[in-house]
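Below: the structure, in C-alpha cells.
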Amino acid sequence: MKMTWVHKLLGKHSKKFYGILAGILTAAVAGSGVGYHVIAASGTADQTEEDTQIDETDEDGSFSGTGTTQVKTESQLPDFSVNAVTMTVEEVYVEAGSTVAEGDALFKIDDESMADAKAYYEDAISDAKTALQSAQINFESGVLEAESELSSTKLAADTAQDTYDAAVSELSVKTSEAQEAYDEAVEEISDYQDAIDNGTYYTQVGINEKQAAVDTAQATLTEKQTQLSNAQSSSQAAKETYAADMANLKTQIEAGASYTDLAALADQLAADYTAVQEAADALSQSQTEAESANSALQLANQTFQKAVEEYNTKVTEANEKIAELTDELEKLSDACDEAERNETTAQPALLQQYEEAVLEGKYADTEYEASLETLQSAVDEAQDTLDELKEQQSALLAIEDGVVCADRDGTLASVTYEAGDTLIKNTAFASYYDLDTILISVEVSQNDIAKLAVGDTVQVQISGSRMGAIDGTVYSIASEKTSGGSMSNVTYAVIVAVDNTDGTLTTGVQATVKFETQATGATEMEETKTAGKTETIGASETEEAGGKTE
C-alpha cells in the first residue's frame, strides 16, 4: 500500500501501535458521539480534558471556547442487518492506518453466517409479503368501512335537527305520561274511597232489596205457619166430630134405634167424613205453602248473606287497592321528578350531540381522507418494509463469498473487528479519515448552549496560523451534558467543522472558537439540543443512519 501523509504524520510504528491507536480512536468516538481523531505529529492520540476549555461570555452576548483541531472520520455502515442472525468474522485483511481503494477486501464473514443471513432474509421477505397482502386487504375493507362511516356521519348531520327535536319531544312526552300516571293514581284512590264512604258498594250488591226480600219472606212464612196451625186445628176438630158421630152411631145400632134415626146418623157421619177430608186437604195445602214459604225465606237469607259477603269483599278489595295505590304514589312521584329532571338536564346533552353531529358532518370528508391516509400509510409502511428488506437482501447477496470490501478510496481510521468477532448492531465495519474537514470540540456552558443551533456560522482562530480568523460551522450539539456536577458548571460538547479541502490546516493544534450570537429563550434550548442530536454523526453511527432498519 502506498504511503500517505497520515503515515508520514504518524511515523514508522509497529502493527501493535496501530492496534492501540485504533482502540483509542474507538474510545474517542464512543465518548464524543462524533467521528474525529488526533493525528498530529506534535500531539498524541490520547487527548485529555485540559485540551478543551469552557467558554467565556463577553458583554455583547458572544462567547468563545478552546479546543484542538481533529480530523473528521466517516463510517462504512452495513446496509443489512448484522444482528438478525449471529455473523462471525472469519478473517481480517487490513488494519487501522491502511490505505485502501474502493473494492479492496476488508474482512471475510464465515460461510455459515452468510447462509444463515440469507435464510433469514428469505423468511423475512416472505413474512413482509404476507404483511403487505394483509395491509392491502385491510385497506380495501377499511375503505368500505370509511365510506360507510362517512355516509352515516353525513346522514346524522343532515337529520341532527329532526333527531334533536324528536328526542326533546320524547322527553316532554315522558314527563307528561309520568304526571298523568300520578294523577290517575290519585283519582283512582279518591274514587275507591268515595265508593266506600258513599255506600256505592252497598247499593251495587242490593243489600236493602235483599233485606226487604228476607223480611217479606219471613212475613209470608209467619202467615203460612198461622194458616197451617189453623188448618191443623180444623183438621183435628173434624176428626174428633167424625169419631164422636161414629161412636154415637154404634151406640144407636146397639140400642136398636129406628131406621130413620140410624139413617140420619149415617148422613151426619158422611158429612163428618167429608169435613175430615176437606180439613185434611186444607191442612196438606197449608203444609205445602208453609214449607214453600220457609224455602223462600232460606233462599232470601242466602241471597242476603251472599250480598253481605260480596259487599264486604268489595270494601276489602277497595281498601287493599287504596293501600296499593298509596304505596305506588311515592314511586309515581319519583318518576315524575325524574322525568322532569331528565327533561331539564338532558337537553344540554342532546344539544351537544346535535352540535357534535353537525360538526362531525362538517369534517366528515376530512376524517374520511384521514382514515384513507392511515390505511394507505399501513400499506406504504408494509411496502417500504418489504422494499427495504429486499434492498438489504441485495446488499447481503452483493457480498461475494462473504468478503466485505471498502466502499471508497481512503485511509482507514479504524477497523472494528478481528477474526472470531461477532458483528454488532449499530457498529460500523470501518471508518475512514475525511481529510477535507477539520473538527474542533468545544465545551459550552448550559447558560450559552440555548443560544446555538446546528448550522450557525462561527469564527475560528487556529494557533500559529497566519490566516487570521476563518469561518466554521456548528456541526453538532450534544444532547447530554459532558461535565459539571452542579448547575453552575454544567457543559455540553459542541463540535465545530472547518473546511479543509485545500489541505492547509493541520490537526492537533489549539484553536479558539468564537460564537457571535444573542441569547435566546430557555425554551429554545431543548429544541436546539434536539436538532444537535439529529446532526451528530461519527464512527459509532447507527445502522439507521446508513439507511438500515433492524
Side-chain angles (χ1 to χ4, degrees), residues 187-326:
E187 183 177 357
E188 194 171 356
I189 290 173
S190 178
D191 290 343
Y192 279 117
Q193 191 62 54
D194 288 344
I196 294 172
D197 296 341
N198 298 333
T200 301
Y201 301 124
Y202 195 90
T203 303
Q204 285 179 349
V205 299
I207 293 291
N208 291 335
E209 292 83 351
K210 291 175 176 60
Q211 181 64 62
V214 169
D215 294 342
T216 300
Q218 182 64 56
T220 301
L221 176 60
T222 300
E223 179 184 355
K224 295 302 180 182
Q225 285 176 339
T226 300
Q227 291 175 356
L228 175 61
S229 179
N230 292 333
Q232 288 173 340
S233 296
S234 297
S235 177
Q236 184 62 32
K239 287 179 181 179
E240 291 176 354
T241 299
Y242 176 76
D245 288 343
M246 178 62 75
N248 185 37
L249 177 62
K250 287 180 178 181
T251 300
Q252 291 297 324
I253 291 173
E254 291 175 352
S258 64
Y259 175 81
T260 303
D261 293 334
L262 290 174
L265 289 172
D267 291 338
Q268 182 62 44
L269 186 62
D272 291 341
Y273 180 79
T274 301
V276 168
Q277 290 297 319
E278 289 176 354
D281 291 339
L283 176 59
S284 177
Q285 183 177 353
S286 294
Q287 287 176 334
T288 300
E289 290 177 356
E291 290 173 358
S292 178
N294 187 56
S295 297
L297 177 59
Q298 291 178 357
L299 180 61
N301 277 324
Q302 290 176 356
T303 302
F304 175 73
Q305 291 301 322
K306 185 177 181 181
V308 170
E309 291 174 0
E310 185 177 356
Y311 167 75
N312 290 333
T313 299
K314 284 182 175 292
V315 171
T316 299
E317 290 176 349
N319 284 323
E320 290 175 350
K321 193 65 176 178
I322 289 172
E324 179 184 340
L325 290 170
T326 300

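Residue numbers run from 1 in the order of the sequence given.
- Residue Y192 comes nearest to Y201 through the heavy atom pair CD2-OH, 3.4 Å, listed as atom of the first residue, atom of the second, then distance.
- Remark: K224 pairs with E289 by the salt bridge (Lys or Arg N to Asp or Glu O under 4.0 Å) rule, at least two apart or across chains.
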Legend entry - Residue pair N319, I196: steps toward the side chain to side chain contact (heavy atoms under 4.5 Å, CB included) verdict: CA-CA 9 Å; N319 284 323; I196 294 172; 3.2 Å; yes

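- Taking 4.5 Å as the limit, some side-chain heavy atom of Y202 sits within range of a side-chain heavy atom of N208.
- A distance of 9.5 Å separates CD in E317 from CD in E310, rounded to the nearest 0.5 Å.
- Smallest separation of non-hydrogen atoms from A279 and A238: CB-CB, 4.0 Å.
- N294 and L221 make their closest contact through N-CD1, 3.4 Å (heavy atoms, listed as atom of the first residue, atom of the second, distance).
- Minimum heavy-atom separation, V308 to I207: N-CD1, 3.6 Å.
- Counting only distance, with no hydrogens or angles, the side chain of S284 and the backbone of A280 share no donor-acceptor pair below 3.5 Å.
- If you check the side chains of D281 and Q277, you find no donor sitting under 3.5 Å from an acceptor.
- Side-chain contact between Q232 and Q236: absent, with no pair of heavy atoms (C-beta onward) separated by less than 4.5 Å.
- Once rounded to the nearest 0.5 Å, the distance linking CG of L283 with CD of E278 reads 13.5 Å.
- Put simply, the side chain of T222 gets close to the backbone of Q218: a donor and an acceptor are under 3.5 Å apart.
- Across all their heavy atoms, L265 and L249 have their closest contact at CB-CD1, 3.7 Å.
- In terms of modelled atom types and a separation under 3.5 Å, the side chain of S235 and the main chain of A231 share no donor-acceptor contact.
- Between K210 and V205, the shortest heavy-atom distance links the atoms NZ-O, 2.9 Å.
- No donor-acceptor distance shorter than 3.5 angstrom exists from the side chain of S292 to the backbone of T288, with no hydrogens or angles considered.
- To the nearest 0.5 Å, atoms OG1 (T326) and CD1 (I189) are separated by 4.0 Å.
- Ring geometry, Y273 versus Y242: the interplanar angle falls from 30° to 60°, so the pair is classed tilted.
- Within a 6.0 Å radius of CD in E187, other residues, nucleotides and ligands contribute 12 heavy atoms or fewer.
- Residue L269 holds its CG atom at 10.0 Å from NZ of K250, rounded to the nearest 0.5 Å.
- Inter-residue side-chain proximity for K321 and E324 is flagged as met; some heavy-atom pair is nearer than 4.5 Å.
- We find the OG1-CE distance between T241 and M246 to be 13.0 Å, quoted to the nearest 0.5 Å.
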